[in-house]
S.K.: 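I'd like to ask you about the structure that follows.
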Number of protein chains: 2
Amino acid sequence: MTPHTPVGRPLRPRGKLLQEDARRHHRSLLLQQLFRDGPASRADLARSSGLTRVTVSDLVGEMLAEGFLAELGAPAETRVGKPPTLVGLAPDSHHIIGLDLSETDRMSGAVVNLAGTVRARHEVHVDGAEGEQAVELVLGLAAELMAMTDRPVLGVGVGSPGVVDATGTVVDAPNLAWTDTPLAERLARALDVPVFVANDANTAVLGEHTFGESGDGGLMVLRVGTGVGAGLVLGGSLLHGHLGAAGEIGHVVVDPAGERCACSRTGCLETLLAAPRLRRRVAEPGADGPAVLAEVGTRLGEVLAPVVAALNLHEIVLSGPAELLDGPLLDATDRTIRERTMPISSTGLAVRTSKLGEDVVVVGAAVLVLAGELGVS
Amino acid sequence: MTPHTPVGRPLRPRGKLLQEDARRHHRSLLLQQLFRDGPASRADLARSSGLTRVTVSDLVGEMLAEGFLAELGAPAETRVGKPPTLVGLAPDSHHIIGLDLSETDRMSGAVVNLAGTVRARHEVHVDGAEGEQAVELVLGLAAELMAMTDRPVLGVGVGSPGVVDATGTVVDAPNLAWTDTPLAERLARALDVPVFVANDANTAVLGEHTFGESGDGGLMVLRVGTGVGAGLVLGGSLLHGHLGAAGEIGHVVVDPAGERCACSRTGCLETLLAAPRLRRRVAEPGADGPAVLAEVGTRLGEVLAPVVAALNLHEIVLSGPAELLDGPLLDATDRTIRERTMPISSTGLAVRTSKLGEDVVVVGAAVLVLAGELGVS
DNA sequence: TTAGTTAGTTCAGCGCACTTACATATCCGC
DNA sequence: GCGGATATGTAAGTGCGCTGAACTAACTAA
């Protein structure tokens, strides 16, 4: 009798499971494989997935017919036996529309292929649009982008500011004056493709997780912009939190004696770290820029240390203006976290800036679609 | 086209999925149902699970034969149509052995039924036993408990101090001088039943999650004893962390100017909160007990606030000596968390002490087995 | 008594992945 | 240069688990 452990498996079963689900699951398994490790033969796929060659052939055939995969011929190297025919993901067989609504002055979007490469861009100015007007701006932007590709569109992903619930309804987004706005439904109705909406920090962490060369441990992406927010991927899945408000870390108090914040509290993380304020402080005449940045970094480290210890995170990624984040601030954050946690928590940890830059949100929005439609990420 | 969202579903498929797995999954689904909501008719189960009556009948028949379920006759109330026959969980059809190795002076264990009720107890003194000696003490305790029930034993669950990996190997437990000790394997070999081992704080959070009347949002259990540790259930599953060290929050620095800690840092949470130290400080001549407790509670709140905000937790449970935790300390922690986080993070949050008391760990260890063997929790 | 309703079972059929068997295509040793 | 070894990929048949449709059982309402 060997020891078992219920790792990763959710404690409660989720629902009815059909054969159809099994097939979709296995399709995802193969896609995922090709997605991460590049082209492979049917036999290779069979070996690594545990499915039989027969089943793999069947599934691959299906996906070839749909266009998601392409046959790539035999590999160059020569070995005993019949040479395999490689199959690989056809990254431009389908395109995805990713939208980033997190900037205050504009809404940007992109046509993204299945490999996370941006194929086209488009953006619209917000110009103070709010409520329904803002929704229509989004609808227009998405339609425009859909017209920019001749490939079938797999779906639309949106990274929106504010709190977004599981159905893609924006519960609350002050900047756009949205409350309980069913954005996913509106887009789905208008465009007739699957639509996924999530908080911008959440899409960012998905982007980083899938396309940012990150590992498989817990990942946290901290977005620094007009505000400060975070997204977390734990155990391979996006954390939503009890009320869908996971990652809302911008208004944690770090310094009760600090500046007054718009949220009526004093000394929130945002009063120190939000890009406009920080930029102003650094530029103040007579200010010691690096020292200011280091001090803010230290404060950030103090906030993150308990989170790192509690979650045993693998990576923390800072996303935002590089001139502010990448340097004394990052270094101080990294150092502070290590000073304030045990080696077992901090040795496995990497603190770095984003590798995707400005595109994290749109690419992450595309991952939302990839995960939802193909089970790939 | 309706909006979709990949909620809760892990982003990456876990592995091959057989029909057999589907059947186990559906069994779990029904068991879970009966487990949470009590007895029901086959027709009720079919309606709420989405399976057909045929399938439910088949599965229920199987589980009746195995003894897990029992027919309970018709309900008292009378309605139109053929009266249903209720089936319900047979809580004492099988028993589970739960072990708690977290105390320094003794190892305790219990025979637990499927409903989480303790049916018998046993314990052994540690008397300084270490390494292999301590392992044999555990083997003996488990064997003794297995002899105390005449029901089939579903498995053995163990809550061990220290870091435990996914295979049930204790990576590091200083008190017992265990390093890379394959405890699950040893027990499985000796007793010939499935064995599950996890960190004591992790088993505690499982116990609280399943039998502590807690909700479905994120749950954190903070164990205060000789040391301080935590366990987390997020999105319905236990969080392990990158290196299996999630919840190791005892050595987060809360006061760099504080007392020196055994871990070579200064001002760790443990230096304030560990039960022996705290008890001593409260009992000091001239000390204002409640004030000391409130101050420690405030510090704890400062550590937990970032975690609460980042995870949007639903519940925080303090488990340990009630005379220390339940009162000014708990109140101060609760207050501090609310002062330091946004309403959206804190309104959905409840901070309380454990409802299972001393039994959290053994009962949680039983849940480990329930989840692993029956997919129930 | 008859009609209507609900519970639970029987039976044929379908989808999916598996096993077994085979065709195909290369290398290797003689 | 040719059979044997080795490996890839396809074809046919099997078994498992679920489903829909039809059936029996047991009760209420009129």
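Each chain gets a letter, A, B and so on, in the order the sequences are listed, and its residues count up from 1.
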S.K.: Between A:Leu45 (CG) and D:dT8 (P), how many Å, whole number?
M.R.: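 Answer to the nearest Å: 11 Å.
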
S.K.: Within the pair A:Ser57 and D:dT10, is there a side-chain N or O less than 4.0 Å away from OP1 or OP2?
M.R.: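 True: A:Ser57 side-chain N/O within range (under 4.0 Å) of D:dT10 OP1/OP2.
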
S.K.: Check for a donor-acceptor pair, side chain of B:Gln32 on one end and backbone N or O of B:Ser377 on the other, with a separation under 3.5 Å.
M.R.: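 Present.
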
S.K.: B:Thr55 side chain N/O closer than 4.0 Å to the phosphate oxygens (OP1, OP2) of D:dC18?
M.R.: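 So the side-chain polar atoms of B:Thr55 never come under 4.0 Å of the phosphate oxygens OP1 or OP2 of D:dC18.
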
S.K.: In this structure, how many angstroms lie between the P atom of D:dT10 and the CG atom of A:Asp58, rounded?
M.R.: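 Rounding to the nearest Å, CG of A:Asp58 and P of D:dT10 are 10 Å apart.
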
S.K.: Is any side-chain nitrogen or oxygen of B:Thr52 closer than 4.0 Å to OP1 or OP2 of D:dT19?
M.R.: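 Yes.
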
S.K.: From A:Ile97 CD1 over to A:Thr149 OG1, what is the distance, rounded to the nearest 0.5 angstrom?
M.R.: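 Between A:Ile97 CD1 and A:Thr149 OG1, I get 6.5 Å after rounding to 0.5 Å.
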
S.K.: Select from A:Val54 and A:Leu17 the residue whose nearest nucleotide in DNA chain D is closer to the 5' end of that strand.
M.R.: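 Here A:Val54 is the residue nearer the 5' end.
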
S.K.: Indicate whether OP1 or OP2 belonging to C:dG15 is found under 4.0 Å from a side-chain N or O atom of A:Arg23.
M.R.: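 Answer no for this pair, as no side-chain N or O of A:Arg23 is under 4.0 Å from OP1 or OP2.
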
S.K.: Roughly how many Å is it from NZ in A:Lys82 to C1' in C:dA25, rounded to a whole number?
M.R.: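 So the NZ-C1' distance, A:Lys82 to C:dA25, works out to 6 Å.
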
S.K.: OP1 or OP2 of D:dC27 versus the side-chain N and O atoms of B:Arg79: is any pair under 4.0 Å?
M.R.: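 Checking B:Arg79 against D:dC27: no side-chain N or O falls below 4.0 Å of OP1 or OP2.
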
S.K.: For C:dA7, take OP1 and OP2 only and decide whether either is under 4.0 Å from a side-chain N or O of B:Arg47.
M.R.: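 Result: yes.
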
S.K.: Atom CG of A:Leu18 and atom C1' of C:dG15: how far apart are they, to the nearest Å?
M.R.: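 That distance rounds to 10 Å.
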
S.K.: CG of A:Leu145 to CZ of A:Arg119: how many Å apart, nearest 0.5 Å?
M.R.: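 Here the rounded value is 15.0 Å.
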
S.K.: Could you give me the CA-CA distance, side-chain angles and deciding distance for B:Gln33 and B:Ser48, then say whether side-chain hydrogen bond (donor to acceptor under 3.5 Å, both in side chains) is met?
M.R.: CA-CA 8 Å; B:Gln33 185 88 20; B:Ser48 57; 3.0 Å; yes

S.K.: Regarding C:dG15, can its base be found pairing with the side chain of A:Gln19 as donor and acceptor, where the two atoms are less than 3.5 Å apart?
M.R.: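 For A:Gln19, whose side chain was compared with the base of C:dG15, there is a donor-acceptor pair (under 3.5 Å).
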
S.K.: Are A:Phe211 and A:Phe35 near enough that their ring centres are under 6.0 Å apart?
M.R.: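 Under 6.0 Å, so yes.
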
S.K.: Rounded to whole Å, please give me the gap between CZ in B:Arg27 and C1' in D:dC18.
M.R.: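 For the pair B:Arg27 CZ and D:dC18 C1', the rounded distance is 16 Å.
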
S.K.: Expressed as a whole number of angstroms, how long is the span from B:His26:NE2 to D:dC16:P?
M.R.: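 Rounded to the whole Å, the gap is 18 Å.
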
S.K.: In whole angstrom, what separates B:Arg24's CZ from D:dG17's P?
M.R.: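 So the two atoms are 11 Å apart, to the nearest Å.
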
S.K.: At under 4.0 Å, does any side-chain N or O of A:Arg53 touch on OP1 or OP2 of C:dC18?
M.R.: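 Indeed not, no polar side-chain atom of A:Arg53 lies that close.
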
S.K.: If I take atom CD in residue B:Glu20 and atom P in nucleotide C:dA17, what distance separates them, rounded to the nearest angstrom?
M.R.: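 That distance rounds to 15 Å.
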
